[in-house]
Amino acid sequence: MSSIIEVKNLSFAYAPHRRILEDVSFDVGAGAFLSVAGPNGAGKTTLLNLLCGLLGPQAGSIMIDTAPIQSYSARRLAQKIAVVRQEFVPVFDFTVVEVVSMARTPYLGTFGFDGKTDRDAINQALEITDTAQFARRSLRSLSGGERQRVFIARALAQNTAIMLLDEPTSFLDLKHQVGIYDLLKAAQLEKGKTIVAITHDINLAAQYCDQILLLTGRKPPMQGRENGAQNHPGYLIGKAKDIFSPEQIEKVFGVRVFAGKVGKENFFIPLGRFAKDSGQASIS
Amino acid sequence: MAQVLTARSLAIRVLLCLAVLAVVMCVCALVGSQKISLKKVFAGPGRSPGENIDYEILVGIRLPRVVLAALVGAALACSGVVLQAILRNPLADPYILGISSGAGLGVIIAVISGLTWSFCGGSPLSVFAFAGAIATVWLVWFVGHFTGKAQVTSLLLAGVVINAFFSAVIMFLTSIARSDQVYSTIFWLMGNITEKNLSVLGVSAGCILAGTIGLFGVSQRLNILSLGEQEAKGLGVDTAKTQIVAFALAAFITAIAVSLSGLVGFVGLVVPHGVRLVAGPDHRQLLPISAIIGGAFLVAADTLARMIVAPAQLPVGVITAIAGGPFFLVLLARYSRKISWLK
């Protein structure tokens, strides 16, 4: 599998003595699903902003489809990468289809009218995400889960090889969390999309993703459990089962967890000091 | 299947609105304190001035005035749409970034100096208002970009502060001016449509039309910019360039409108909202339709302004505020109900 995203020795700091990312290197294969996990402030969103060209790398390089990210114009980059940010409500009362059709902007001429190809892409994205039923409703009138599906529809209509998502399931109930991950997995398997998603839900990440990038902030991680995981100061990359262990999670996130197994993957329930079964919060 | 805006459906809607504007302009040109007969008008101009008064009133006085009102209304509504999108603030209007106080300051300086010359057919008041407006907008843009990275917020703050400062200077100058100077300044500040000569009208029409077409060219990008800068960048929009182009063109047409008619309030706020409630927020449609409806609205308001206390005339700004407010509330109530019913 050839790499579509190559990150080499990437560093970034908002202030001289506050490095957020230091010497990070990883590849994402074309058609892979990578989850970026880590505690708050570890640099997950900064990494996403670097990968979509919103921030420029201060050291190191990011290659998108073998070309440096800086060599892309904003328009060409938007034809390669679609970004779904944390859920928001626009100031003006756009309908669902209006929001989804904005995805075609990188392909439109000056006066910006959609042609047949654009309309097909929009309709297809609405159908895949099951949002066609409320296409003409106001985005504001939808629930959080429905809105998130609309933003994923927009990313699909953008027709890019890569999709970047910033916590796509935050604020959603269980059913919608799983629904969003099913949608992303389908986009990966059926459309060959490369997906990079920031997540706080390590259990869903373990179930759905090919690889995990665990950013650990200032706490250096422990070694990966088996040979599969590559260990670096500040981050860890590999398969979920190699990266997530109760000890690792306790070290990186600072919380004790109860661990179990679903099939081949581990799952973890965090248990705080006052949780009913916190006494047994241990490695099972 | 879901509907997206096509060039054809937009063209049909724009033509319909243009037809409405044409009807409003014709009706408003025909009514007034002096009744005129169409039959006489079609007889053409007399051989000597004063022979066919009806023709002279219609062609020489009312038509230019109706065209002027349409131009000013279109420019203000269009500029309101653009500023609401760039600032992502539904309360923005064409004057929010200091244009009003800058132009007002220019005017009071012109009045106090007692200048009597004219420049390209424009009175000193118009020229100073235009210069004041443009200089202030430049200052606001400069200060806004100088002070911070969150450009929208710092632009708004710079606009508010400079507006307040210039208003204070205007008050100071008003307090030391003679009473006749104060009167002409206040009359100007209220907003007035008065007859202008044809060359001024022609140049202004060209500029406003060019500005509006230029803004229509960035209207799709305004849709995306109204979602926020990060979103816009993610969709390949050069946000800085779009903001500068949109802001400069909106400021330019507002400055022209202000130099023609003083500070006509409410059009730039109410018309974009009214059109948005009926036609939706897609700027490719919102922008041209707001311009046309803004023109029609101001033509109608100006006709009322010259008829209510005829033969005297009210400043049109009084009518736009009095009529615009309730009209907007009706729209709001009607369409909010419709939307909640749809839910």
Between [atom1] on residue [X] and [atom2] on residue [Y], distance to nearest 0.5 Å:
X	Y	atom1	atom2	result
B:Leu286	A:Phe92	CG	CZ	8.5 Å
A:Cys52	B:Gln230	SG	CD	7.5 Å
A:Arg154	B:Leu235	CZ	CG	5.0 Å
B:Thr6	A:Lys116	OG1	NZ	14.5 Å

Check each atom of [X] against the heavy atoms of chain B and say whether the ones under 4.5 Å are side chain, backbone, both or neither.
X	value
A:Leu54	side chain
A:Arg104	neither
A:Leu164	neither

More than 12 heavy atoms of other residues, nucleotides or ligands under 6.0 Å from CZ of B:Phe142: yes or no?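 For B:Phe142, atom CZ is not crowded (no more than 12 foreign heavy atoms under 6.0 Å).
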Heavy-atom count check: over 12 atoms from other residues, nucleotides or ligands less than 6.0 Å from A:Lys185 NZ?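 Yes.
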Under a 4.5 Å heavy-atom cutoff, which of A:Thr160, A:Val91, A:Val96 has the most pairs with chain B?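 If we count pairs closer than 4.5 Å to chain B, A:Val91 comes out on top.
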For [X] against [Y], the heavy-atom pair lying closest together:
X	Y	value
A:Gln158	B:Gly234	NE2-O, 3.4 Å
A:Ala78	B:Gly236	CB-N, 3.4 Å
A:Phe113	B:Ala7	CD2-N, 3.5 Å

What part of B:Ser219 gets closer than 4.5 Å to chain A, counting heavy atoms only: side chain, backbone, both or neither?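 Neither part, no heavy atoms under 4.5 Å.
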Pick one of side chain, backbone, both or neither for B:Arg284, based on which atoms fall under 4.5 Å of a heavy atom in chain A. side chain
Could you tell me whether the side chain of A:Glu98 reaches within less than 4.5 Å of the side chain of B:Pro281, counting heavy atoms only?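 B:Pro281 reaches A:Glu98 side chain to side chain.
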